Amino acid sequence: MDEKAKRRENGAEQVTVDTPLRGCHELLLRLHEQARAARWGLAVEALSTALERAVRKRMNPSGLTIAQREEFLSTLHLEDLALAQACAAGQETAWEFFVKTYRPYLRSAAAAILRASASSAEARELADSLFAELYGLADGKTGERSLFRYFHGRSSMKTWLRAVLARRHIDAVRVARRFESLDEPDGEGKVREPADKMVLPVGDPHRARYISLFQAALGVALERIELRDRERLRLYYVEEKTLAEIGKKLGEHESSVSRNLERIRREMKANVEECLKRMAPGRALSDEQIALCFEYAAEDVPIDLGKLLKSHETGTLQKGKQEG
């Protein structure tokens with residue numbers, strides 16, 4: 001076996017920029033099924049195009065090996081990505097689902113950004129103004145300028161929408177302030193600062209509290225899982241081992257490692273949610289507030305996984321449960 005064949009077998013061969021998903025037909029079919037894209041009438045080719053964009057985005061500035069590509073694709077929010085592509089393509093059922101599911105959330109997010117009520121006219125206007133850009137009408141064709149073309153599935157739809165909404169609000173504030181005279185003093189005789197130097201509105205005033213609660217809940221949830229599962233998490237997230245490397249170390253098949261990691265993520269999410277419902281002082285957190293805890297954590301929570309996922313002696317790992 002030559003060196004190139006060995007690299008291909010081990011997943012070490014580099015992915016090409018022009019055809020990042022070459023030879024992945026079976027994988028694409030599986031991802032299409034996992035994304036439940038058929039319910040929106042989204043073809044495999046359409047989802048494949050979106051996945052290629054995501055992979056190319058991930059490849060910059062450095063390339064990817066085949067193994068890294070597979071791992072990256074496994075982390076995407078596939079159902080959200082399929083929904084975004086279907087909406088950009090003008091699929092009516094997808095749009096009906098999107099509006100019904102995300103309009104209330106967008107208004108709540110707008111209210112947090114504006115520090116207003118979700119039922120206020122300002123929050124409704126900011127939230128609903130985003131739909132036109134998401135719909136992306138251009139010369140009578142839907143989706144050609146849709147903001148959905150910038151959604152790659154690396155974050156959840158909610159996290160991405162909130163970031164777009166916040167950016168839109170900040171841009172609107174800057175534009176409005178550029179029209180104000182920079183030489184004209186305000187009521188206190190002070191010259192107005194240039195827009196770029198002004199302090200722009202912050203987001204949710206409860207953000208720091210939600211992040212703190214999430215960190216505490218995560219620590220509790222990690223203590224509940226098996227030692228072997230902790231080791232899986234440590235190898236994957238702290239040491240950044242590939243699925244194949246983890247499987248070799250733990251004596252598992254690569255596919256079993258992938259299934260176990262997915263199971264652990266589900267269990268961790270459920271445990272964190274349970275902790276958040278019980279640990280908040282005063283009034284218990286609502287489902288919407290718990291969702292914000294997860295979103296803020298996904299955006300910028302400073303978690304020291306190396307500290308949380310301490311190494312354990314190899315012998316103790318056999319006490320944990322195994323799957324696959």
Side-chain angles (χ1 to χ4, degrees), residues 39-40 50 77 79-138 141-179 195 198-211 213-214 273 276 283 285-301:
R39 60 176 170 163
W40 312 127
H77 295 258
E79 290 193 29
D80 287 349
L81 183 60
L83 175 62
Q85 296 309 302
C87 287
Q91 295 288 350
E92 187 174 346
T93 54
W95 264 108
E96 289 176 353
F97 177 85
F98 177 81
V99 173
K100 180 180 179 180
T101 304
Y102 291 102
R103 172 169 277 172
Y105 169 76
L106 279 171
R107 289 182 175 177
S108 296
I113 292 170
L114 296 171
R115 299 185 182 181
S117 168
S119 60
S120 67
E122 295 83 3
R124 291 199 304 271
E125 181 179 357
L126 175 60
D128 293 348
S129 67
L130 192 59
F131 281 90
E133 291 189 48
L134 290 170
Y135 200 66
L137 280 176
K141 297 180 180 180
T142 303
E144 291 195 357
R145 295 181 182 174
S146 172
L147 286 179
F148 279 128
R149 68 187 186 277
Y150 297 113
F151 178 70
H152 301 300
R154 299 180 68 175
S155 63
S156 69
M157 178 70 78
K158 284 188 174 181
T159 298
W160 181 78
L161 286 171
R162 185 181 179 86
V164 171
L165 200 63
R167 182 74 263 168
R168 183 183 179 89
H169 174 58
I170 291 173
D171 289 344
V173 170
R174 283 177 171 157
V175 169
R177 287 175 174 172
R178 287 193 185 103
F179 285 102
M198 292 182 175
V199 178
L200 296 169
V202 296
D204 188 344
H206 303 293
R207 184 186 186 98
R209 173 173 174 262
Y210 290 155
I211 290 177
L213 288 173
F214 179 88
E273 287 176 345
L276 287 172
R283 183 186 300 178
L285 294 181
S286 66
D287 290 341
E288 291 76 14
Q289 290 172 320
I290 290 175
L292 284 177
C293 289
F294 276 89
E295 289 173 37
Y296 293 156
E299 292 171 7
D300 61 3
V301 62

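Every value quoted in this text rests on a predicted model; they were computed, and no experiment measured them.
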Output for pair (Glu122 CD, Ile113 CD1), nearest 0.5 Å, gives 14.0 Å
Quick one, Leu83 and Tyr102 - any side-chain contact, counting heavy atoms below 4.5 Å? yes
Phe148 and Trp160 aromatic ring geometry - parallel, tilted or perpendicular at 30°/60° bounds: parallel
Rounded to the nearest 0.5 angstrom, the NE2-CG distance for His152 and Asp80 is 14.5 Å
Residues passing the side chain to side chain donor-acceptor pair (under 3.5 Å) test with Arg107, sequence neighbours excluded, are Asp128
Taken to the nearest 0.5 Å, the spacing of Arg162 CZ from Ser156 OG works out to 11.5 Å
Between Lys100 and Pro104, the two heavy atoms sitting closest are O-CD, 3.6 Å
Residue set satisfying side chain to side chain donor-acceptor pair (under 3.5 Å) with Ser117, at least two apart, ordered chain then number -> Ser119
Sequence neighbours excluded, the answer for side chain to side chain donor-acceptor pair (under 3.5 Å) partners of Tyr105 is Glu295
Which atom pairs, one a donor and one an acceptor, fall under 3.5 Å between side chains of residues 84-94 and the rest of the protein, sequence neighbours left out?
from: Gln85; atom 1: OE1; to: Arg53; atom 2: NH2; distance (Å): 3.1

Between the CG atom in Leu126 and the CG atom in Leu165, the distance rounded to the nearest 0.5 Å is 4.0 Å
Separation between CZ (Arg167) and CG (Leu147), nearest 0.5 Å, reads 13.0 Å
* Would you call the rings of Trp40 and Phe97 parallel, tilted or perpendicular, where under 30° means parallel and over 60° means perpendicular? -> tilted
Between the CZ atom in Phe151 and the OG1 atom in Thr159, the distance rounded to the nearest 0.5 Å is 9.0 Å
Hits for side chain to side chain contact (heavy atoms under 4.5 Å, CB included) against Arg39, two or more places apart or cross-chain, chain-then-number order -> Arg36, Glu79
Across all chains, not counting sequence neighbours, the ring pair (Phe, Tyr, Trp, His ring centres under 6.0 Å) partners of Tyr150 are none
Kindly indicate whether the side chain of Tyr210, heavy atoms from C-beta on, has any atom under 4.5 Å from the side chain of Leu276. no
